[in-house]
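Read through the structure below, which is laid out as structure tokens, and then see the notes.
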Amino acid sequence: MCGIVGIVGTGPVNQRLYDGLTILQHRGQDAAGIVTSSEGELCVRKGAGLVRDVFQQHHMLELRGNVGIAHVRYPTAGCEGAAEAQPFYVNAPYGICLGHNGNLTNAAELAEVLTREDRRHLNTSSDSEVLLNVFASELQRVGTPRITPADIFAALAAVYRRCRGGYAAIAMVIGHGIVGFRDPNGIRPLVLGTRETPKGAEWMLASESVALTGLGFRFVRDVGPGEAVFIDEQGRLHAQQLVATVHHTPCIFEYVYFARPDSIIDNVSVYRARMRMGEKLAERIRSERPDHDIEVVIPIPDTSRTAALQVAQILGLKYREGFNKNRYIGRTFIMPGQELRERSVRRKLNAIDFEFRGKVVLLVDDSIVRGTTSAQIIELAREAGARKVYFASAAPPVRFPNVYGIDMPAASELVASGRTVEEVRQAIGADWLVYQSLDDLVLACQHDNARINEFDTSCFSGEYVTGDVTPEYLERLRIERSDAAKARRRGGERGPDLKVVHGG
């Protein structure tokens with residue numbers, strides 16, 4: 001999962017791109033990058049680490065110009081190094097930079113064709129570079145000194161024909177403007193905003209609406225599935241629907257975990273969706289254990305707070321903050337390597353003893369992925385003196401890998417894969433475990449005004465909405481995404497037949 005921002009302004013955009021990345025820091029803590037354009041000159045700063053660490057004052061001063069794009073990345077399969085920080089750049093045609101959130105499911109095939117037929121060189125193993133080169137290759141066919149919006153849309157129509165998967169991307173064509181486009185299923189989010197200045201209109205594209213409002217832009221709308229927008233350097237907006245038949249299925253895990261609660265994605269409030277998750281979860285708890293002995297509800301900070309509060313209110317129970325969080329430790333789900341994740345849990349959370357001592361507690365989390373974090377948190381609760389520890393997940397069991405840009409591990413590393421709920425309960429050490437049902441999760445994320453009938457629920461259901469995910473592809477993904485493979489790559493080793501092409 002990554003965060004992307006693009007701005008066409010009437011003045012320097014460097015500070016606003018930086019601020020946009022800090023607002024989207026939750027979407028990626030592994031690397032960050034900003035590129036701007038000033039009178040045809042490309043200005044670049046990229047590096048590994050948090051936004052605040054990558055950009056110092058002298059870097060910001062060098063990022064000149066009124067047009068730019070930016071990217072934050074978390075480590076996905078094959079993209080753990082600083083060399084693959086985005087945005088990526090190719091010098092022909094015109095000079096194009098691109099930042100990408102998602103994953104191309106046919107990236108390996110595209111990379112082969114790009115090298116053999118399009119005669120394009122790929123410098124990294126990232127599918128984001130593949131996407132950039134497909135766009136550049138198609139735009140190369142124009143062959144004129146200046147491109148028009150029609151040229152941009154014609155090239156992107158070909159990109160849609162060639163690329164499969166879940167993706168949202170922002171590209172800057174130097175001297176022309178910025179482009180935003182979203183996959184035909186609308187799996188990954190992309191929003192458009194504007195604001196008026198004395199010098200004219202400014203435009204912004206971002207992964208989440210909170211980035212727009214945080215910078216004083218007015219939310220205009222979501223970029224539609226299969227739609228592209230082009231904002232030229234004069235601040236004129238051009239938009240075109242490039243895929244006639246779309247099947248709008250946004251990723252439901254955005255609402256469960258990734259997005260900030262103050263964001264609105266596809267006209268659905270993330271905060272209200274999480275409230276409804278809590279309501280549905282409370283109903284399930286009441287149905288499964290009408291005579292429960294729960295004394296207090298405690299959330300696992302931070303994402304589950306909204307759902308946990310609803311659970312407590314509906315069940316008529318006390319709600320307490322039982323864990324103090326060290327906010328300087330990153331999100332453990334998106335950390336590379338099992339050992340690092342395990343060390344981080346105890347460094348990140350500390351139990352407040354008197355909220356647990358002698359009590360029957362219900363811990364509420366947004367989801368259970370590997371189960372190691374849940375197991376350690378349950379152990380913390382017991383060490384703090386809890387008499388019984390029950391555990392509730394606001395999402396269904398995660399049993400399948402996500403192939404559309406979330407680096408969920410191989411199925412063998414998912415605690416619920418191949419296990420019953422009772423077996424998962426034993427694995428994490430809870431006295432009782434309850435999961436949200438998939439039907440209830442979908443109902444919680446639906447909204448009358450959103451006009452979304454389906455979501456991508458593949459990590460829960462194993463049903464992949466693009467229809468091109470084969471057992472062979474999943475096996476290749478398993479090899480690439482295993483913690484052992486990641487450790488091998490960080491140590492400079494590569495498997496003999498490993499072609500890693502996931503980076504958005």
Side-chain angles (χ1 to χ4, degrees), residues 2-11 13 16-17 19-21 23-24 27 34 36 66-72 87 97-102 135 149 152-153 156-157 159-160 166-173 176-197 200-243 246 248 250-251 254 258-260 262-270 447 449-452 504:
C2 301
I4 50 178
V5 181
I7 299 176
V8 174
T10 57
V13 296
R16 282 174 290 171
L17 289 169
D19 292 341
L21 289 187
I23 293 172
L24 296 178
R27 298 185 69 87
I34 295 176
T36 60
N66 298 355
V67 180
I69 66 174
H71 185 273
V72 286
C97 301
L98 180 139
H100 164 225
N101 173 30
F135 178 44
I152 292 281
F153 294 140
L156 285 173
V159 170
Y160 279 118
Y167 51 88
I170 301 175
M172 178 175 69
V173 184
H176 293 80
I178 65 171
V179 182
F181 56 100
R182 193 177 178 196
D183 69 83
N185 290 88
I187 297 172
R188 301 266 70 90
L190 188 63
V191 295
L192 174 70
T194 188
R195 73 174 187 174
E196 291 296 329
T197 75
E202 296 187 321
W203 293 91
M204 180 174 175
L205 289 161
S207 292
E208 296 183 33
S209 63
V210 67
L212 303 179
T213 55
L215 296 184
F217 282 75
R218 174 179 60 86
F219 173 79
V220 174
R221 62 182 177 86
D222 295 274
V223 175
E227 182 190 23
V229 298
F230 172 55
I231 305 153
D232 63 32
E233 289 197 328
Q234 289 70 47
R236 294 174 298 220
L237 173 69
H238 313 267
Q240 189 168 323
Q241 183 68 37
L242 297 178
V243 179
V246 298
H248 195 185
C251 176
E254 290 278 357
F258 268 108
R260 270 182 44 163
D262 43 349
S263 283
I264 297 174
I265 298 175
D266 289 314
N267 207 31
V268 175
S269 163
V270 175
H447 187 270
N449 297 326
R451 298 185 298 277
I452 297 174

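Residue numbers start at 1 and run along the sequence shown.
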Residue set satisfying side chain to side chain donor-acceptor pair (under 3.5 Å) with Asn267, at least two apart, ordered chain then number -> none
Taken in chain and number order and not counting sequence neighbours, the residues that satisfy side chain to side chain contact (heavy atoms under 4.5 Å, CB included) with Val246 are Pro225, Gln241, Val243
- Should Leu237 and Val229 count as side-chain neighbours, where that means a heavy-atom distance under 4.5 Å? yes
Residues passing the ring pair (Phe, Tyr, Trp, His ring centres under 6.0 Å) test with Phe230, sequence neighbours excluded, are His238
In this structure, CZ of Phe181 is separated from CG of Leu98 (nearest 0.5 Å) by 5.5 Å
Hits for ring pair (Phe, Tyr, Trp, His ring centres under 6.0 Å) against His248, two or more places apart or cross-chain, chain-then-number order -> none
For the residue pair Trp203 and Ile178, establish whether any side-chain heavy-atom pair is separated by less than 4.5 Å. no
What pairs of donor and acceptor atoms, side-chain ones from residues 212-219 against any protein atom, are under 3.5 angstrom apart with sequence neighbours left out?
{"unit_1": "Thr213", "atom_1": "OG1", "unit_2": "Ser209", "atom_2": "O", "d": "3.4"}
{"unit_1": "Thr213", "atom_1": "OG1", "unit_2": "Val210", "atom_2": "O", "d": "3.3"}

Side chains of Ile69 and Ile4: closer than 4.5 Å at any heavy-atom pair? no
Applying side chain to side chain donor-acceptor pair (under 3.5 Å) to Thr197 and not counting sequence neighbours gives Thr10
The reported gap from CG in Asn66 to CD in Glu233 (rounded to nearest 0.5 angstrom) is 8.5 Å
Taking Asn101 for its side chain and Gly3 for its backbone only, find out whether a donor-acceptor pair lies under 3.5 Å. no
Sequence neighbours excluded, the answer for salt bridge (charged side-chain N to carboxylate O under 4.0 Å, His left out) partners of Asp222 is none
For Glu208, the salt bridge (charged side-chain N to carboxylate O under 4.0 Å, His left out) test, sequence neighbours excluded, returns Arg27
Donor-acceptor pair, distance only, cut-off 3.5 Å: does the side chain of Thr36 make one with the backbone of Val67?
no
Contacts of Asp266 meeting salt bridge (charged side-chain N to carboxylate O under 4.0 Å, His left out) (sequence neighbours excluded), chain-then-number -> Arg182
pair Glu254-Val270: side-chain heavy atoms closer than 4.5 Å: no
Across all chains, not counting sequence neighbours, the side chain to side chain donor-acceptor pair (under 3.5 Å) partners of Asp183 are none
Residue set satisfying salt bridge (charged side-chain N to carboxylate O under 4.0 Å, His left out) with Arg236, at least two apart, ordered chain then number -> Asp232
Sorted by chain and number, sequence neighbours left out, side chain to side chain donor-acceptor pair (under 3.5 Å) with Gln240 holds for none
